[in-house]
Amino acid sequence: MTAGGTANLDVYRPRAVSGLDVWHIGDLRLKVYGITADGQELTDDLVSKAQAFAQRELPALVAAEGEDNGLGFVIIHPGELGVSVLLHWWIQGSVLCQHIERTLWGDDKPMDTASRPVIACVWELGLIDAEQRIWRDVMMVPQPDADAYLNAQVSMSEV
């Protein structure tokens, strides 16, 4: 695609979102969501691999960043080209941190996300936006409520 071109633009189609679980990883409690593209499935194997990635990567990242609020969320997204796992945690009361693993279908190893300036796709961004709204409503108030945050699921069935 050339600069400003539209040859590679997708046609937007909503994708189903499901709330899966709350994971306890280190000192973090993380809401877990799945997003699935048409024809894809959120399998137990994908969820297990995502949880192993989070357990392997998050404790050191959270400790290195510091000032965490003990809460966050995970997005597991089997998309058209591969599966993305996005780990998010809140620090300093209002800052969202992110760590991504993206593996193309058929590849054994994840892509090098450190050298790619990717934040998220449009479907993942919809979920991230909804989560930050929940954070503002229940945590950035005079009496923050961590349990209310964890119990508040994104109200959209699709993004």
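When a residue number appears, it is its place in the shown sequence, counting from 1.
In this structure Asp145 satisfies the salt bridge (charged side-chain N to carboxylate O under 4.0 Å, His left out) test with no other residue, sequence neighbours excluded. Remark: Arg56 engages Glu101 in a salt bridge (charged side-chain N to carboxylate O under 4.0 Å, His left out) (not counting sequence neighbours). Under the side-chain contact (heavy atoms from CB on, under 4.5 Å) criterion, Ser94 pairs with Met140, not counting sequence neighbours. Partners of Glu57 according to the side-chain hydrogen bond (donor to acceptor under 3.5 Å, both in side chains) rule, which considers only residues two or more places apart in sequence or in another chain, are His99. With sequence neighbours left out, Gln40 forms a side-chain hydrogen bond (donor to acceptor under 3.5 Å, both in side chains) with no residue at all. Applying the side-chain hydrogen bond (donor to acceptor under 3.5 Å, both in side chains) test to Glu67 and every residue at least two apart in sequence or in another chain returns Gln92. Residues passing the salt bridge (charged side-chain N to carboxylate O under 4.0 Å, His left out) test with Asp44: none are found, sequence neighbours excluded. The salt bridge (charged side-chain N to carboxylate O under 4.0 Å, His left out) test applied to Arg29 returns Asp147, not counting sequence neighbours. Under the rule for a side-chain hydrogen bond (donor to acceptor under 3.5 Å, both in side chains), the partners of Asp112 that lie at least two apart in sequence or sit in another chain are Ser115.
Heavy atoms of other residues, nucleotides or ligands lying less than 6.0 angstrom from CG of Leu125 number more than 12.
Cluster membership check: Ile91 does not share its hydrophobic cluster with Leu150, using side-chain heavy-atom separations under 4.5 Å among Ile, Leu, Val, Met, Phe, Trp and Tyr. When hydrophobic clusters are built by joining Ile, Leu, Val, Met, Phe, Trp and Tyr residues whose side-chain heavy atoms come closer than 4.5 Å, directly or via intermediates, Leu61 is grouped together with Val95. Hydrophobic clustering of Ile, Leu, Val, Met, Phe, Trp and Tyr side chains at less than 4.5 Å, counting indirect connections, keeps Val17 apart from Leu42.
Residue Tyr33 comes nearest to Ala152 through the heavy atom pair OH-O, 3.9 Å, listed as atom of the first residue, atom of the second, then distance. Of all heavy-atom pairs spanning Phe53 and Ile100, the tightest one is CZ-C, 3.9 Å. Summarising the geometry of Ile134 relative to Val154, their closest heavy-atom pair is CD1-N, 4.1 Å, with the distance given to 0.1 Å. Taking both residues in full, the closest heavy atoms of Arg13 and Asp38 are given as CD-OD2, 4.2 Å, listed atom of the first, atom of the second, then distance. In this structure, Glu41 and Thr36 approach most closely via the heavy-atom pair C-CG2, 4.3 Å. Closest approach of Pro110 and Thr103 over heavy atoms only: CA-OG1, 3.5 Å.
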*Start with the C-alpha distance between Ile75 and Val85, add both sets of side-chain angles, then the distance that settles side chain to side chain contact (heavy atoms under 4.5 Å, CB included), and finish with yes or no.*
CA-CA 6 Å; Ile75 300 171; Val85 178; over 6 Å; no
*Start with the C-alpha distance between Met111 and Leu104, add both sets of side-chain angles, then the distance that settles side chain to side chain contact (heavy atoms under 4.5 Å, CB included), and finish with yes or no.*
CA-CA 8 Å; Met111 299 173 77; Leu104 297 176; 3.9 Å; yes
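Residues Leu86 and Gln98 form a side-chain contact, since some pair of their non-hydrogen atoms from C-beta on lies under 4.5 Å apart. Inter-residue side-chain proximity for Phe73 and Trp89 is flagged as unmet; no heavy-atom pair is nearer than 4.5 Å. Taking 4.5 Å as the limit, some side-chain heavy atom of Leu46 sits within range of a side-chain heavy atom of Pro78.
In this structure, Trp135 and Trp90 have parallel ring planes: the angle between them is below the 30° cut-off, well short of the 60° mark.
The distance from atom CD1 of Ile25 to atom CG of Leu58, rounded to the nearest 0.5 Å, is 6.0 Å. Atom CD1 in Ile76 sits 10.5 Å away from atom CD1 in Ile35 (nearest 0.5 Å). Note that CD1 of Ile128 is 7.0 Å distant from CG of Leu96, once rounded to the nearest 0.5 Å. Note that CG of Leu30 and CG of Asp21 are 10.5 Å apart. Values are rounded to the nearest 0.5 Å. Taken from SG in Cys97 to CG in Asp68, the straight-line distance is 9.0 Å, to the nearest 0.5 Å. Interatomic distance, NZ of Lys31 versus CG of Asn151, reported as 8.5 Å (0.5 Å rounding).
At least one donor-acceptor pair under 3.5 Å links the side chain of Trp105 to the backbone N or O of Gly79.
Residue pairs meeting the side chain to side chain donor-acceptor pair (under 3.5 Å) criterion with at least one member in residues 71-84, sequence neighbours excluded: Arg15-His77, Arg15-Glu80, His77-Glu124, Ser84-Arg102. A salt bridge (charged side-chain N to carboxylate O under 4.0 Å, His left out) check over residues 82-97, counting only residues at least two apart or in different chains, returns nothing.
By the 4.5 Å side-chain criterion applied to Ile, Leu, Val, Met, Phe, Trp and Tyr, Val11 is assigned to no cluster and stands alone.
Each of Leu71, Asp137, Asn69 was checked for a side-chain contact (heavy atoms from CB on, under 4.5 Å) with Tyr149, and the lone residue meeting it is Leu71.
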